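Below is one structure, written out as structure tokens; the observations come after it.
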Amino acid sequence: MERVILHVDLDAFYASVEELRRPEIRGKPVVVCVYSGRTEDSGAVATSNYLARELGIKSGMPIAFAKRAAKGKDIVFLPVDMEHYREVSERIMNLLEEHADRFQQVSIDEAYLDVSDGCTGNYPCAEKIAQEIKGEIKEQEGITCSVGIGPNKYVSKMAGKRRKPDGLTVVRAEEVADFLKDLPAGKLHGIGGKTEEELNTLGIKTAADIAAYSLTSLEKEFGKNKAKLLHDKALGIDDSPVEQKDKQQLSRIATLKEDTDDTDKIFKKISELCSDMNKKLQNKIAFRTISLITIDTHLQTQTRSETIPEADDACSVLPSYRTLIDRFFSENPGKMLRRVGIRVSGLSYKDVKDKKEQKSLFDY
DNA sequence: CGACGTGTAAC
DNA sequence: CCTTTTACACGTCG
């Protein structure tokens with residue numbers, strides 16, 4: 001049976017939420033920033049609203065660059081408030097879930113909804129759901145979103161990118177090839193700058209160019225898996241189901257006040273990150289592997305990891321982190337670190353299911 | 001094969 | 001001048 005999938009993307013989410021609670025900044029360019037705390041303007045742009053984007057201020061850009069672009073203009077710079085955005089997001093996601101047979105949240109501001117069953121494969125029905133969703137989010141939270149509708153997750157995501165903000169774009173199965181054909185390879189979700197460069201050297205520029213290339217020739221250049229991925233992206237093929245997946249890893253990373261090779265200072269920062277990690281673990285998740293993440297002066301990332309007997313308290317493995325730090329420096333004498341982080345993986349979830357289920361299991 | 005480290009990508 | 005978090009593929013090593 002043909003599927004019908006919606007992709008919902010909240011427009012300039014952080015900036016929209018800020019405009020909502022600060023009426024005085026409405027109508028102005030707004031830039032929401034992650035300040036690293038090293039210097040006055042060190043850090044990066046998390047999200048900018050559409051007025052700021054018109055001035056060339058985009059996510060990922062260093063704050064200092066953005067301020068230069070903003071020179072002399074009436075632009076609002078704000079620090080991120082993740083806790084607040086998470087609250088708003090949670091309410092919206094709950095609302096979205098109501099409209100789906102199957103639901104998958106992919107980030108704080110994005111989700112996929114499989115409406116195949118409820119709509120029995122009918123696109124107008126899916127469009128109606130999209131309109132309802134847009135109305136509800138606008139009414140209840142004052143935020144606009146862009147929706148893409150397609151025969152799978154990938155096409156719905158690509159469709160949604162077509163019209164923003166406050167867009168609604170439908171791409172039916174029979175329209176997929178035409179919809180994708182002229183898009184530059186790098187615009188296809190999942191194909192980034194590096195891969196685009198590689199493709200360009202082969203004379204491949206657009207989705208149609210990839211599609212015209214034989215899978216066998218792609219395999220020679222990219223290997224079996226990546227070739228298949230490229231081919232599928234070009235043709236709009238995606239069989240992956242809409243389903244909520246458990247996280248496989250959790251990480252926390254922070255920027256040091258200044259570059260350092262002082263293991264005590266680094267260990268102190270790691271300890272803070274561990275306490276923070278425990279908040280995420282919430283007594284619900286155990287882990288088997290821990291990693292130290294290091295980013296040096298030249299922004300080169302390295303990791304050092306160790307598999308340990310299962311643990312559920314990030315702070316309990318601090319001695320192991322100490323060992324990993326020492327290992328890093330003995331293998332990288334003289335290097336200075338700019339940022340450090342921790343990661344736990346090999347997760348197992350202690351199913352704290354509702355008592356009903358626990359009881360039914362117990363009954364057997 | 002499992003563990004480990006890197007690179008790519010998206011947000 | 002350069003944030004944060006997650007996923008996944010791939011190469012290598014034992």
Side-chain angles (χ1 to χ4, degrees), chain A residues 7 9-15 31-48 58-69 79-80 82 85-86 89 104-112 153-154 157-158 160-161 185-199 219 222-230 233 240 245-256 259 273 276-277 280 288-308 324 327-328 331-332 337-347:
Chain A
H7 178 262
D9 191 334
L10 306 175
D11 296 324
F13 183 52
Y14 302 170
V31 185
V32 182
C33 303
V34 182
Y35 289 95
S36 69
R38 305 204 114 191
T39 61
E40 170 87 352
D41 283 338
S42 62
V45 173
T47 311
S48 54
K58 310 267 172 73
S59 348
M61 175 182 273
I63 297 167
F65 285 18
K67 294 225 161 154
R68 222 157 298 156
V80 289
M82 292 311 296
Y85 309 150
R86 250 183 265 284
S89 166
Q104 179 177 10
Q105 183 177 349
V106 287
S107 72
I108 194 164
D109 66 349
E110 264 180 72
Y112 291 105
K153 289 200 284 184
Y154 167 68
K157 165 87 185 174
M158 294 300 300
K161 284 206 262 187
K187 286 267 147 61
L188 306 180
H189 185 250
I191 301 181
K194 300 280 183 178
T195 311
E196 184 175 30
E197 290 274 289
E198 263 186 274
L199 287 165
E219 279 173 358
F222 295 95
K224 212 157 182 6
N225 268 314
K226 185 98 175 269
K228 176 80 165 70
L229 180 139
L230 290 171
K233 299 281 175 201
S240 64
K245 285 183 274 206
D246 282 343
K247 284 206 170 77
Q248 310 203 13
Q249 54 177 231
L250 295 169
S251 60
R252 249 346 235 110
I253 190 162
T255 302
L256 277 341
D259 294 3
L273 293 174
D276 228 53
M277 180 70 80
K280 293 208 212 187
R288 283 193 58 238
T289 303
I290 64 169
S291 306
L292 171 74
I293 303 163
T294 60
I295 296 158
D296 67 24
T297 317
H298 310 294
L299 299 176
Q300 293 301 299
T301 303
Q302 287 190 54
T303 60
R304 291 293 179 275
S305 55
E306 190 188 355
T307 299
I308 52 161
L324 292 175
R327 181 143 74 86
F328 173 84
E331 291 168 13
N332 296 274
L337 296 185
R338 178 186 178 91
R339 310 175 58 209
V340 291
I342 59 174
R343 177 167 63 217
V344 297
S345 52
L347 306 183

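Numbered from 1 within each chain, the chains take letters A, B, ... in sequence-line order. From a predicted model like this one, the values you see are computed outputs, not experimental measurements. Side chains are part of it too, since the values below use all heavy atoms of this structure and drop only hydrogens, waters and symmetry mates.
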statement: Distance col, row Leu273(A):CG vs Ser251(A):OG, nearest 0.5 angstrom, shows 10.0 Å
task: Calculate, to the nearest 0.5 Å, the distance between atoms CD1 and CD1 belonging to Ile342(A) and Ile253(A) respectively.
output: 10.5 Å
field: Atom-to-atom span, CG of Leu337(A) to P of dT3(C) - whole angstrom
entry: 14 Å
query: Ile63(A) has an atom CD1; how far is it from atom P of dC1(C), in whole Å?
result: 13 Å
query: Thr195(A) side chain: which of dT4(C), dC8(C), dT8(B) is closest?
result: dT8(B)
message: Taking any heavy-atom pair under 4.0 Å as a contact, classify Gln249(A): base, sugar-phosphate, or nothing.
response: base
- prompt: Mind checking whether Tyr85(A) and Tyr14(A) have parallel, tilted or perpendicular rings, split at 30° and 60°?
  reply: parallel
query: Of all the nucleotides listed (dT6(C), dT4(C), dT3(C)), which has the minimum atom distance to the side chain of Arg338(A)?
result: dT3(C)
- request: Establish, with yes or no, whether the OP1 or OP2 oxygen of dC8(C) is under 4.0 angstrom from a side-chain nitrogen or oxygen of Asn225(A).
  value: no
- prompt: Side chain of Ser251(A): nearest nucleotide among dC2(C), dT8(B), dT5(C)?
  reply: dT5(C)
query: Rounded to whole angstroms, how far apart are CZ on Phe222(A) and C1' on dC8(C)?
result: 17 Å
- line: Nearest-nucleotide check on DNA chain C, Gln248(A) vs Leu299(A); residue mapping nearer the 5' end is Leu299(A)
Any Gln302(A) side-chain nitrogen or oxygen under 4.0 Å from OP1 or OP2 of dT6(B): yes
field: Distance, rounded to the nearest Å, where His189(A) contributes NE2 and dA9(B) contributes C1'
entry: 8 Å
message: At 4.0 Å (heavy atoms only), tell me whether Thr255(A) reaches a base, stays on the sugar-phosphate, or touches nothing.
response: sugar-phosphate
- prompt: Starting at CD1 of Ile293(A) and ending at C1' of dT4(C), how long is that distance when rounded to a whole Å?
  reply: 10 Å
Sugar-phosphate only, base, or nothing, as touched by Arg68(A) at under 4.0 Å among non-hydrogen atoms: nothing
task: Take Thr289(A) and Thr307(A), measure what side chain to side chain donor-acceptor pair (under 3.5 Å) needs, and give me the verdict at the end.
output: CA-CA 4 Å; Thr289(A) 303; Thr307(A) 299; 3.2 Å; yes
message: Does Ile308(A) reach a base, just sugar-phosphate, or nothing at all? Heavy atoms under 4.0 Å.
response: nothing
task: May I have the step-by-step check of salt bridge (charged side-chain N to carboxylate O under 4.0 Å, His left out) for Glu306(A) and Arg327(A), ending in yes or no?
output: CA-CA 11 Å; Glu306(A) 190 188 355; Arg327(A) 181 143 74 86; over 6 Å; no
- prompt: Looking for any heavy atom pair under 4.0 Å, which part of the strands does Leu250(A) touch: base, sugar-phosphate only, or nothing?
  reply: sugar-phosphate
query: When we call it a touch if two heavy atoms are under 4.0 Å apart, what does Lys228(A) touch: a base, just sugar-phosphate, or nothing?
result: nothing
- request: Tell me whether the OP1 or OP2 atom of dA3(B) has a side-chain N or O from Arg288(A) closer than 4.0 Å.
  value: yes
Atom-to-atom span, CD of Gln105(A) to P of dA7(C) - whole angstrom: 13 Å
query: What is the distance from CG of Asp109(A) to C1' of dT5(C), rounded to the nearest Å?
result: 13 Å
query: Could you state the CG-P distance from Leu10(A) to dC11(B), rounded to the nearest angstrom?
result: 13 Å
- line: On DNA chain C, more 5' by nearest nucleotide between Thr297(A) and Arg252(A) is Thr297(A)
dC4(B) OP1/OP2 closer than 4.0 Å to side-chain N/O of Arg304(A): no
- prompt: Using a cut-off of 4.0 Å on non-hydrogen atoms, how would the nucleic acid contact of Thr303(A) be classed: base, sugar-phosphate, or nothing?
  reply: base
message: With a cut-off of less than 4.0 Å, is there a side-chain N or O of Ser107(A) near OP1 or OP2 of dT5(C)?
response: no
- line: Taken to the nearest 0.5 Å, the spacing of Lys153(A) NZ from Gln104(A) CD works out to 3.5 Å
- request: Mind checking Gly341(A) for me? I need base, sugar-phosphate or nothing, with any heavy atom below 4.0 Å counting as a touch.
  value: nothing
- request: Using only side-chain N and O atoms of Ser291(A), determine if any of them is under 4.0 Å from OP1 or OP2 of dG5(B).
  value: no
- request: Could you please name the option among dA9(B), dA10(B), dT4(C) that lies closest to any side-chain atom of Lys194(A)?
  value: dA9(B)
- request: Kindly say if Lys226(A) contacts the phosphate of dG7(B), meaning a side-chain N or O under 4.0 Å from OP1 or OP2.
  value: no
- request: Using a heavy-atom cut-off of under 4.0 Å over every strand shown, decide if Leu229(A) touches base, sugar-phosphate, or nothing.
  value: nothing
- request: Please work out if Ser42(A) contacts a base, only the sugar-phosphate, or nothing of the nucleic acid, heavy-atom cut-off 4.0 Å.
  value: sugar-phosphate
- line: Of the candidates dA9(B), dC8(C), dC2(C), the side chain of Pro62(A) sits closest to dC2(C)
message: dT6(C), OP1 or OP2 - any side-chain N/O from Arg343(A) closer than 4.0 Å?
response: no
field: Residue-phosphate contact under 4.0 Å: Arg327(A) side-chain N/O, dG5(B) OP1/OP2
entry: yes
query: Does dT6(C) have OP1 or OP2 sitting under 4.0 Å from an N or O in the side chain of Lys280(A)?
result: yes
field: Donor + acceptor pair across side chains of Thr297(A), Arg338(A) (<3.5 Å)
entry: no
field: Closest non-hydrogen atom pair between Ala12(A) and Ser48(A), with its separation
entry: CB-O, 3.7 Å
- request: Ignoring the backbone of Ala44(A), work out which of dT3(C), dC4(B), dA3(B) is nearest its side chain.
  value: dT3(C)
message: Less than 4.0 angstrom between a side-chain N/O of Arg38(A) and OP1 or OP2 of dC1(C), yes or no?
response: no
field: dC2(C) phosphate, OP1 or OP2, under 4.0 Å from Arg339(A) side-chain N/O
entry: no
